[in-house]
There are 2 protein chains.
Amino acid sequence: MVTIKDIAKATGVSPSTVSRVLADNPRISEDTKKKVRKTMRELGYHPNIHARNLVAKSSKAIGVILPSSADKALQNPFFPEVLRGIGSVTHEREYAMVLSSAQNGEEIMSEVRRMVFGRYVDGLILLYSRINDPVTEFLNEQDFPYVIVGKPYENINTVTHVDNDNFTAGKEITKYLIDQGHEYIAFIGGSRELFVTVDREAGYEAALKEAGLPNIEEQKLHTEFLKSGGREAVESILALEKRPTAIVVSDDLISLGVLSRLEQSGVNVPEDISVVSFNNVYLSEITRPALTTIDIHIYELGAQSAKALIEKAENKSEPAKRIIIPHDIIYRDSVSKRES
Amino acid sequence: MVTIKDIAKATGVSPSTVSRVLADNPRISEDTKKKVRKTMRELGYHPNIHARNLVAKSSKAIGVILPSSADKALQNPFFPEVLRGIGSVTHEREYAMVLSSAQNGEEIMSEVRRMVFGRYVDGLILLYSRINDPVTEFLNEQDFPYVIVGKPYENINTVTHVDNDNFTAGKEITKYLIDQGHEYIAFIGGSRELFVTVDREAGYEAALKEAGLPNIEEQKLHTEFLKSGGREAVESILALEKRPTAIVVSDDLISLGVLSRLEQSGVNVPEDISVVSFNNVYLSEITRPALTTIDIHIYELGAQSAKALIEKAENKSEPAKRIIIPHDIIYRDSVSKRES
DNA sequence: CTGTTAGCGCCTTCAA
DNA sequence: TTGAAGGCGCTAACAG
């Protein structure tokens, strides 16, 4: 392995000079810089990151923590897409991106400990947010930089987070259905423990209210994310005495199940029932019919969170921020106009 | 930050003793071990990874390189699932998993350089395999440990890789269709530049041949992976004068498009046309009808590749291996029996 | 069984 | 503008 010393010797300067050249220190003459750089190239020199990190007390790396039910959750195309977003900025700033490889709560905690205590990463991005989360608690204790993608359960004003305005999104998409003449609109969401669900649902309710439509409890269902996701919910909806003409579904992935169950029952979308959802994951284009959905700009969620985190890691006094990524409606074929 | 010295001082021993306790060196008395560990706990000591890596000349981390068209490819649930598999063993062995965050060929190359030269990782897993790949070329030059998930284009006997027996898988699933009485079976695959496609297609052809069925060129289509994937292919197939009664599709994701396009044309699956595919990604359960598909055990592909890589990284003289992950057919609802 | 010494590769005072 | 010296935190001979 070629070290700074080898370069120094070969160029006839001291190691410290070489080090300064690496840092592009202005107090080194252009002349020696050139010479040093030349031998660096010739000998194929590359700085040893560990040595560098050791003295710098940082690692130019950020960690990404996935939700604990990683087995299933990672299946949601949401995650790869955030990772891409994060990756775009880590790459640009020459940071490394370390993925937590833990599968359950305990494992996550131990990974986080290693990452934090071992100074493996300079900061953490949490792709989830839970009530009573030991991880965030720990990070707060340690005063370790982190940002949350989504809405934090606690300390919402002191922890930097990147989120969508899910309430407004829910309201807008529901309003869109109402504008198309729908009056009985159901809601199928993921777990009510997730803020995304809650917020989108609240938006849905607000739109109903604003339009003077009744907010019927039986019209609102909650379901598991994957697998059978949405199927039983559809059954309940179809069994309603007053059958809805539209459904707001809180996640494209759930919509997949919804659509398939609807088809199974011979219900045509959008003729009989319209469906809208959220995320605009690539799947929503492939379904029959293609889904009208809210594009939440997942990539951007990732990119912004990485940016915010790096800023915070490099400058501890950086204030906490709330970053709201705008959304928009992608109109496709899953909604029909209703004459009333 | 608490260091080894602090512990030494507080316990009244030398730093090296503390270091030995860390390594659980048997030549240290249980007694002092206990004492040292106690103060470690009290002072909240945690080893500094960078210092350790510096002397160990390793980093207990492996890098994962995604295909360059990461934007789209990452969308295939295949990738998250391999990552999970990799993660399971990196976690178990206390390795970190570093994700390449590059988006295109050049970026990938520069990331790889950084990772390799900077000793950022001890080895690399490539989740792709390309002809004339500068990355593998570079890694060979540097004699840097890596393993490929899939089939290498070159040096197949000297590079460790983890793959399925795609030929046999293709043959088996096709044979299954034949056994169900199908005689006109089409094939829709991804790019012919990918070995997966080629191998699965070759298996398909072998099965046809074995059954004495004609191998018709027009029955074999190739398509882009995502988006419209499979849609045009279906159109060509439906236009065939002798319309096939079954289709072998080389990837679940493509099947999604195939299914949707079929439905659009009023073709019933499996009554009119049967469909089978590969990978057994969670989507294949959600579709209508649920897909009969080959489970290639993606998780295991990841896990085994990580295992092989770590072994190789820890012991350079470890020989190159080819590891074939077994597959099996998951029978669901997309195939019908044909009376002939 | 334990301490002393040296060194991993780099950066950063302090001096010149 | 450059060099010498010391140290980041840890490990690994070499002694004893």
Side-chain angles (χ1 to χ4, degrees), chain A residues 1-40 43-61 94 114-122 314, chain B residues 1-40 43-61 94 114-122 314:
Chain A
M1 159 162 280
V2 189
T3 79
I4 221 177
K5 277 188 193 165
D6 300 320
I7 305 298
K9 204 167 295 173
T11 326
V13 296
S14 81
S16 36
T17 301
V18 178
S19 174
R20 285 191 261 258
V21 172
L22 280 177
D24 203 18
N25 188 319
R27 302 190 312 183
I28 298 288
S29 74
E30 277 309 315
D31 209 48
T32 47
K33 273 188 189 173
K34 264 190 197 115
K35 273 193 294 186
V36 170
R37 292 207 177 105
K38 183 154 169 284
T39 51
M40 290 205 295
L43 302 193
Y45 170 80
H46 290 271
N48 179 311
I49 301 196
H50 304 304
R52 195 171 259 189
N53 288 342
L54 179 56
V55 359
K57 288 180 182 330
S58 94
S59 51
K60 293 265 266 174
E94 302 211 296
R114 279 202 315 167
M115 287 188 174
V116 172
F117 285 137
R119 299 277 167 249
Y120 217 113
V121 296
D122 295 339
E314 291 181 348
Chain B
M1 159 162 280
V2 189
T3 80
I4 222 176
K5 278 188 193 165
D6 300 320
I7 304 299
K9 205 168 294 171
T11 325
V13 296
S14 79
S16 39
T17 301
V18 178
S19 174
R20 286 192 260 257
V21 172
L22 280 177
D24 202 17
N25 187 317
R27 302 190 313 183
I28 298 286
S29 75
E30 277 309 315
D31 209 46
T32 47
K33 274 189 188 172
K34 264 191 197 115
K35 272 194 295 187
V36 170
R37 292 207 177 105
K38 182 153 170 284
T39 52
M40 290 206 294
L43 302 193
Y45 169 80
H46 290 272
N48 180 313
I49 301 194
H50 304 305
R52 194 172 260 189
N53 289 342
L54 179 56
V55 1
K57 289 182 180 329
S58 95
S59 50
K60 292 265 267 173
E94 300 211 298
R114 280 202 316 165
M115 286 188 175
V116 172
F117 284 137
R119 300 274 167 250
Y120 216 116
V121 296
D122 296 338
E314 291 181 347

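Residue numbering restarts at 1 for every chain, and letters A, B, ... go by the order of the sequence lines. A quick note: this is a predicted structure, and the numbers were derived from the prediction, not measured.
The nearest whole Å value for the distance from the CD1 atom in A:I7 to the P atom in C:dG9 is 13 Å. Separating the NE2 atom of B:H50 from the C1' atom of C:dG7 is a distance of 19 Å, rounded to the nearest angstrom. Put simply, NZ on A:K5 is 10 Å from P on C:dC10, counting in whole angstrom units. Distance, A:I49 CD1 to C:dC11 C1': 16 Å, rounded to whole Å. Whole-Å rounding puts the B:N53 CG to C:dC10 P distance at 14 Å. In this structure, CG of A:N48 is placed 6 Å from C1' of C:dG9, rounded to the nearest angstrom. Straight-line distance from the OH atom of B:Y120 to the C1' atom of C:dG9: 16 Å, rounded to whole Å.
Residues passing the side-chain hydrogen bond (donor to acceptor under 3.5 Å, both in side chains) test with A:K38 are A:E42, sequence neighbours excluded. Remark: A:F117 engages A:F138, B:H46 in a ring-ring contact (aromatic ring centres under 6.0 Å, His included) (not counting sequence neighbours). With sequence neighbours excluded, the residues that form a side-chain contact (heavy atoms from CB on, under 4.5 Å) with A:I49 are A:N53, B:Y120.
Across all their heavy atoms, B:A10 and B:L43 have their closest contact at CB-CD1, 4.1 Å. Taking each heavy atom of A:Y45 and A:I7 in turn, the nearest pair found is CB-CD1, 3.6 Å.
Nucleotides of DNA chain C nearest to A:A56 and B:K57 differ in position, and the one nearer the 5' end is that of B:K57.
Side-chain contact between B:T32 and B:V21 is absent, with no heavy atoms from C-beta onward closer than 4.5 Å. Side-chain atoms of B:M40 and B:V36, non-hydrogen and from C-beta on, do get closer than 4.5 Å to each other.
Remark on the helix from C:dC1-D:dG16 to C:dA16-D:dT1: inter-end axis angle 40°, axes from five-pair C1' superpositions, rounded to 10°.
Under a 3.5 Å cut-off, the side chain of A:H50 and the backbone N or O of B:S59 do not form any donor-acceptor pair. Looking at A:K33, its side chain does come within 3.5 Å of a backbone N or O of A:N25 through a donor-acceptor pair.
Scanning DNA chain D 5' to 3' for nucleotides with an atom closer than 4.0 angstrom to a non-hydrogen atom of chain B gives a first and last hit of D:dC8 to D:dA13.
Across all strands, B:T3 comes closer than 4.0 Å only to sugar-phosphate atoms, never to a base (heavy-atom distances).
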For nucleotides 2-4 of chain C, tabulate all protein N/O to nucleotide N/O atom pairs closer than 3.5 Å, reporting atom names and distance.
unit_1, atom_1, unit_2, atom_2, d
C:dT2, OP2, B:S29, N, 3.0
C:dT2, OP2, B:T32, OG1, 2.9
C:dG3, OP2, B:S14, N, 3.0
C:dG3, OP2, B:S14, OG, 3.3
C:dG3, OP2, B:T17, OG1, 2.5
C:dG3, N7, B:R20, NH2, 2.6
C:dG3, O6, B:R20, NH1, 3.1
C:dG3, O6, B:R20, NH2, 2.8
C:dT4, O4, B:S16, OG, 3.1

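Note: A:I28 CD1 to A:S19 OG = 9.0 Å, rounded to the nearest 0.5 Å.
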